[in-house]
Amino acid sequence: MSLETRRLVWLAPLLAIGAIAAVVAYWGPRDEAPAQTLACADLQAGCSATLDGRPVAVGFVGQPRVLQPFEVWVRAEGADRVQARFVMEGMDMGFNLYTLRPDAQDVFRARITLPVCVSGRRDWRMTLEVDGRRLEVPFVSEMS
Ligand SMILES: [Cu+2]
């Protein structure tokens with residue numbers, strides 16, 4: 001093996017690793033912007049926040065009661081995509097992701113059914129995603 005070939009033998013895997021690392025860095029998970037939290041005392045009345053300079057209002061129709069559908073509405077003028085995810089801190093509650101659809105008045109709505117918590121916890125967090133911007137809305141579900 002010539003010196004040149006030996007150098008290539010060493011270099012090729014390094015280049016390959018470098019290329020893979022670059023692809024992972026480019027396509028891999030992005031650091032999401034820190035989510036904003038909206039503490040809403042009365043979600044039946046609705047609350048509003050400013051998300052990335054745009055006003056967003058959110059509320060519930062009906063009480064969030066486990067296994068009984070209630071509605072989430074979001075007003076976010078000009079929004080294309082509104083999704084809501086329901087999680088419990090430190091507990092896997094399954095995949096509770098809903099896409100809200102705009103009604104005739106451009107209010108985004110979805111009917112939600114929360115699963116039963118095996119620990120009997122009622123502290124939920126709704127993560128609203130409005131065009132990729134996240135708004136965390138903690139709430140407590142009603143006793144069923
Ligand atoms: Cu739970």
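Note that the numbering runs from 1 along the sequence shown for the chain.
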Could you walk me through whether F108 and V72 pass the side-chain contact (heavy atoms from CB on, under 4.5 Å) check?
CA-CA 8 Å; F108 290 82; V72 171; over 6 Å; no

Evaluate D103 against R101 for side-chain contact (heavy atoms from CB on, under 4.5 Å), listing each step before the verdict.
CA-CA 6 Å; D103 66 10; R101 307 278 175 208; over 6 Å; no

Check the pair V58, M126 against side-chain contact (heavy atoms from CB on, under 4.5 Å), reporting the backbone distance first and the verdict last.
CA-CA 11 Å; V58 54; M126 174 172 67; 3.7 Å; yes

V130/L135 under side-chain contact (heavy atoms from CB on, under 4.5 Å): CA gap, chis, key distance, verdict
CA-CA 8 Å; V130 181; L135 184 64; over 6 Å; no

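Note on F86 and M93: same hydrophobic cluster, where clusters join Ile, Leu, Val, Met, Phe, Trp and Tyr whose side-chain heavy atoms are under 4.5 Å apart, directly or indirectly. L51 and W73 fall into different hydrophobic clusters, where Ile, Leu, Val, Met, Phe, Trp and Tyr residues are linked whenever their side-chain heavy atoms come under 4.5 Å apart, directly or through other members. Linking ILVMFWY side-chain heavy atoms closer than 4.5 Å, directly or via other members, places I112 and V74 in a single hydrophobic cluster. Hydrophobic cluster membership is shared by V61 and V107, with clusters built from Ile, Leu, Val, Met, Phe, Trp and Tyr side chains linked at under 4.5 angstrom.
Taken from OG1 in T127 to CD in E136, the straight-line distance is 3.5 Å, to the nearest 0.5 Å. Interatomic distance, L67 CG to L114 CG, rounded to the nearest 0.5 Å: 8.5 Å. Going from atom CZ of F60 over to atom CZ of R65 covers 13.0 Å, rounded to the nearest 0.5 Å. The distance from atom CE of M88 to atom CG of D123, rounded to the nearest 0.5 Å, is 5.5 Å. Note that CZ of R111 and CD of E71 are 7.0 Å apart. Values are rounded to the nearest 0.5 Å.
For Y98 (side chain) and T113 (main-chain N/O), a donor-acceptor pair under 3.5 Å exists by modelled atom type. A donor-acceptor pair under 3.5 Å links the side-chain atoms of Q44 to the main chain of G62, judged by distance alone. Distance alone, capped at 3.5 Å, is enough to place a donor-acceptor pair between the R122 side chain and the S141 backbone.
The two atoms that bring G94 and D92 nearest to each other are N-OD1, 2.9 Å, heavy atoms only.
Taking the side-chain hydrogen bond (donor to acceptor under 3.5 Å, both in side chains) definition, one finds that S48 meets it with nothing, sequence neighbours left out.
V66 has its side chain out of reach of Q68: every pair of non-hydrogen atoms, C-beta onward, lies at least 4.5 Å apart. A 4.5 Å side-chain heavy-atom check between V118 and M91 finds at least one atom pair inside the cut-off.
Atom CZ of R109 has more than 12 neighbouring heavy atoms from other residues, nucleotides or ligands inside a 6.0 Å radius.
A salt bridge links D131 with R54: the distance from a Lys NZ or Arg NE/NH1/NH2 to an Asp or Glu carboxylate oxygen falls below 4.0 Å.
In this structure, F139 and W124 have parallel ring planes: the angle between them is below the 30° cut-off, well short of the 60° mark.
Sorted by first then second residue, the disulfide bond (SG atoms under 2.5 Å apart) pairs that include residues 37-85, not counting sequence neighbours, are C40-C47.
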Return all side-chain donor-acceptor pairs below 3.5 angstrom for residues 77-85, not counting sequence neighbours, or 'none' if the list is empty.
from, atom 1, to, atom 2, distance (Å)
R81, NH2, Q83, OE1, 3.0
Q83, NE2, T99, OG1, 3.0

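Among the candidates R133, R134, Q36, the single residue satisfying the side chain to side chain donor-acceptor pair (under 3.5 Å) test with D52 is R133.
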